[in-house]
There are 2 protein chains.
Amino acid sequence: MANLKQLAHSLGLSITTVSRALDGYADVSAATRERVCEAAEKVGYRPNASARRLRRQRAELVAVTLPSDPGHIGPPHFLDMLSGCAEHLAAAGLNLVIAPVPRGESELDICRRFVDGRRVDAMLLVRTKRRDERVEFLQSRGIPFVTNGRTESLLPHPYVDGDGFAGFRAATLRFHAAGHRRIGHIAGPQEYYFAHDRCRGWRTAMEECGLATDLCAEGAPLEQGGYLAALDLLRQPSRPTALVCATDEMAIGALRALREAGGDNQISIVGHDDLPMGAFTSPPLSTMRMTGENLGASFASLLLRAIAGEPATELQELHPIEFVDRDSHRRPAQAA
Amino acid sequence: MANLKQLAHSLGLSITTVSRALDGYADVSAATRERVCEAAEKVGYRPNASARRLRRQRAELVAVTLPSDPGHIGPPHFLDMLSGCAEHLAAAGLNLVIAPVPRGESELDICRRFVDGRRVDAMLLVRTKRRDERVEFLQSRGIPFVTNGRTESLLPHPYVDGDGFAGFRAATLRFHAAGHRRIGHIAGPQEYYFAHDRCRGWRTAMEECGLATDLCAEGAPLEQGGYLAALDLLRQPSRPTALVCATDEMAIGALRALREAGGDNQISIVGHDDLPMGAFTSPPLSTMRMTGENLGASFASLLLRAIAGEPATELQELHPIEFVDRDSHRRPAQAA
DNA sequence: AGAATTTTCCAAAACGTTTTGGGAGTCAAG
DNA sequence: CTTGACTCCCAAAACGTTTTGGAAAATTCT
């Protein structure tokens, strides 16, 4: 309702003094400060955000781009993550704006608009590609940002990611230890870092075990993609006895393919993401997920530290993957 | 990079002219406009958002409060909805900020901060209560807002809602037509409008059929709440043969209760929300959902029209509920 | 040619803060 | 009494736009 000028006038003080009193500077007497704060409280004074932002040259905003294309947006708890992130940012006076990508525009366009219009102090990127033009752009502009997922960018940048390589390697080795020899991989689009990373984990494990790496099929990171990829593998002369899937959605599609192709319930399967619906599939889907609670807080903290100027190499979090054992990974090795 | 002053200087024009040229005013010659736009394009000029906001007295922002308490945030496609809304708002130059409620603060506090700090041009509220203090506050401040869900506020306000009353009444009548006579209701907390509305639908149908309305149990709008409420109803001397549940989450909890209480698969059940995981439960969960595609666009449009000053009564959307028939509602009426 | 009108431009005033660079007083030390 | 240090305050200059209210120049009309 009121602005600084009116408040100052009503107190018989200058704008400067009122402003500084409210900000708790030492060069205003305790008595005045008291009086000012009291009056401000009474009229419910809140500084005008736009004015402050202009003067301070800060947008007090962080944007996260929401990819619209293929597949829904990331992991199941994505909104929870955003919510947690926003909450922690808010504690530092920053708000989180969500920036979906309209059809006909690229994520890069969005970044450009936000950055060049000085609408944000930092950006949060999800679903990184191995070579990610958004990352390159933001690096060239020198604006702070954090990604959910690594990239192959030459310059280091802040990120939070799960160690998909280790997770998928471990999952594959587990199958090997259980006696499986024909272990297939249903891969996501290799341009995405996470998909490539997970694929590498599987391939490395296979090579370590001296097994062939031809049982690999790539598809869109969706139910349908997993379904088609699984059909592909089931057509091979020697069928896999176990399937490591890049995502739960794909794993659920693979489950459907298995059901249709007969030999139902004979092939072990494991996914990644811990989608809630995995608990209800038949068989219940064994899966993996990134450890670490309150990922939102991680993102927020990294963003704030990036804004504060900490070097990127200090702002990289690689979380281990943990197994969520349900039932789908327990099929015997020789059955298929 | 560049601001208006520099751009104007480099062109030998005044700030005014450059500004007006870029905004396409008629009082700048076509030639100059051309020249200005070209130069602006070349240096990648984008007006500073904070400055424009200050001058225009608009925040160019809309905030949506994300409730943290009980249960996750609303319907399954909530993020999709937000994303769609943000996309349409962006087309009008508005960005959507998400405002979760930190522990220790109320949603009202959040509204106050955003409104009194002039941080937003409008607000989007979800999960309305029958008597909603946020609504009352925003009405008193006269700031535009739209709710997801109705309230019992005396003054009309813009909303988008599903006709839960009609939906639950119809669902109940369907059970009645299938021969059911002991039809129970698992209700959500009655302070929420949607929960009360759905409960009323069930009760009205029961009364229309001349049936008793005592088979009603209330619980938290969560799996556990549905589970406990269902146990409650199963303890009744004459068990229900069908269950109408306020939400899918509760219905899934009820399914668990049914499984544990024996008499498995004997009781018909229907939920609401069309959670994806409902397709995977056993039996697959029959459910309901609000019709209308691209709800996000509805919200965005209502918000924009509210900002433009259209009266609230023109900005109310009540969507019919449609059934999603899977399997859980097909149990015979006499079985239980 | 002079008057009226239209076209094209611009200086200056906002918008509401924060911050800079002092300026009065007061007090203690020299 | 002067000097210096301190305390408390403030005027004015930003921040980068948009908008107001003309003014000069060009054009059209008498």
Side-chain angles (χ1 to χ4, degrees), chain A residues 1-37 39-40 43-61 93-95 113-121, chain B residues 1-37 39-40 43-61 93-95 113-121:
Chain A
M1 296 288 109
N3 60 20
L4 221 39
K5 180 152 44 164
Q6 293 163 20
L7 189 57
H9 184 77
S10 81
L11 284 164
L13 287 169
S14 78
I15 293 183
T16 308
T17 303
V18 175
S19 173
R20 312 213 91 200
L22 291 172
D23 280 359
Y25 279 72
D27 70 352
V28 28
S29 74
T32 325
R33 175 164 42 240
E34 190 74 13
R35 200 158 64 94
V36 169
C37 290
V43 296
Y45 169 78
R46 303 277 177 118
N48 179 302
S50 303
R52 199 209 347 235
R53 298 203 247 243
L54 174 59
R55 174 61 231 223
R56 286 228 181 121
Q57 295 288 76
R58 300 217 204 96
E60 298 183 354
L61 248 36
L94 295 176
N95 286 122
R113 178 178 317 155
F114 275 96
V115 171
D116 290 343
R118 273 169 224 72
R119 297 174 175 287
V120 292
D121 298 322
Chain B
M1 298 286 109
N3 61 19
L4 220 39
K5 180 149 46 163
Q6 292 163 21
L7 189 57
H9 184 77
S10 81
L11 284 163
L13 288 169
S14 78
I15 292 183
T16 308
T17 303
V18 175
S19 172
R20 312 211 91 200
L22 291 173
D23 280 0
Y25 278 71
D27 71 351
V28 28
S29 75
T32 336
R33 176 165 40 242
E34 190 75 14
R35 200 159 63 94
V36 169
C37 290
V43 296
Y45 170 77
R46 302 279 176 116
N48 179 302
S50 304
R52 201 214 338 242
R53 298 203 249 244
L54 173 60
R55 174 61 230 226
R56 286 230 181 119
Q57 296 289 76
R58 300 217 205 96
E60 299 183 354
L61 250 34
L94 295 176
N95 286 121
R113 177 178 317 156
F114 275 96
V115 170
D116 289 344
R118 273 169 226 72
R119 296 174 175 285
V120 292
D121 299 321

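Letters A, B, ... mirror the listed sequences (proteins, then strands); counts begin at 1. The figures that follow rest on heavy atoms only: side chains count, while hydrogens, waters and symmetry mates do not.
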Phosphate OP1/OP2 of [N] contacted by [X] side-chain N/O (<4.0 Å):
X: B:Thr17; N: C:dC10; value: yes
X: B:Gln57; N: C:dG16; value: yes
X: A:Tyr25; N: D:dC8; value: no

Select one nucleotide: of [options], the one nearest the side-chain heavy atoms of [X].
X: A:Leu54; options: D:dT17, D:dC10, D:dC15; result: D:dC15
X: A:Thr16; options: C:dT20, C:dC10, D:dA14; result: C:dT20
X: B:Leu13; options: C:dA14, C:dC10, D:dC10; result: C:dC10
X: A:Leu4; options: C:dT19, D:dT18, C:dT17; result: C:dT17

Q.
For D:dC8, does the base pair up with any side-chain atom of A:Asp27 as donor and acceptor (N or O, under 3.5 Å, distance only)?
A.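 Side chain to base: no pair below 3.5 Å.
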
**Q.** base_contact_polar (D:dT18 base, B:Arg55 side chain, donor-acceptor, <3.5 Å)
**A.** yes

Mind calculating the distance between [atom1] ([X]) and [atom2] ([N]) to the nearest angstrom?
X: A:Asp23; N: C:dG16; atom1: CG; atom2: P; answer: 18 Å
X: B:Arg56; N: D:dT18; atom1: CZ; atom2: P; answer: 6 Å
X: B:Tyr45; N: D:dG16; atom1: OH; atom2: P; answer: 10 Å
X: B:Glu34; N: C:dT8; atom1: CD; atom2: P; answer: 14 Å
X: A:Leu7; N: C:dT17; atom1: CG; atom2: C1'; answer: 13 Å
X: B:Arg53; N: C:dC15; atom1: CZ; atom2: C1'; answer: 14 Å
X: B:Glu60; N: D:dG16; atom1: CD; atom2: P; answer: 17 Å
X: B:Arg35; N: C:dC9; atom1: CZ; atom2: P; answer: 8 Å

Base, sugar-phosphate, or nothing: which does [X] touch, judged by heavy atoms less than 4.0 Å apart?
X: A:Ile15; value: base
X: B:Asn48; value: sugar-phosphate
X: B:Thr32; value: sugar-phosphate
X: B:Ser29; value: sugar-phosphate

Close side-chain approach of [X] and [Y], heavy atoms under 4.5 Å:
X: A:Arg46; Y: B:Arg119; answer: no
X: B:Leu61; Y: B:Leu94; answer: no
X: B:Ser10; Y: B:Gln6; answer: no

Looking at [X] and [Y], would you say the former's side chain and the latter's main chain have a donor-acceptor pair under 3.5 Å?
X: A:Arg53; Y: A:Ala59; answer: yes
X: A:Asn3; Y: A:Lys5; answer: yes
X: B:Arg118; Y: B:Asp116; answer: yes

Q: Report the residue (B:Ala51 or B:Gly12) whose heavy-atom-nearest nucleotide on DNA chain C is the more 5′ of the two.
A: B:Gly12

Q) On DNA chain C, nearest-nucleotide positions of A:Arg20 versus B:Ser14: which is more 5'? A) B:Ser14

Q) Going by atom types only, do B:Ser14 and B:Thr17 share a side-chain donor-acceptor pair under 3.5 Å? A)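 Side chains of B:Ser14 and B:Thr17: pair found under 3.5 Å.
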
Q) Just checking, is any N or O donor in the side chain of B:Thr32 or B:Ser29 under 3.5 Å from an acceptor N or O on the other one? A) yes

Q.
Five pairs per end, C1' atoms only: what is the angle between the end axes of the helix from C:dA1-D:dT30 to C:dG30-D:dC1, to 10 degrees?
A. 60°

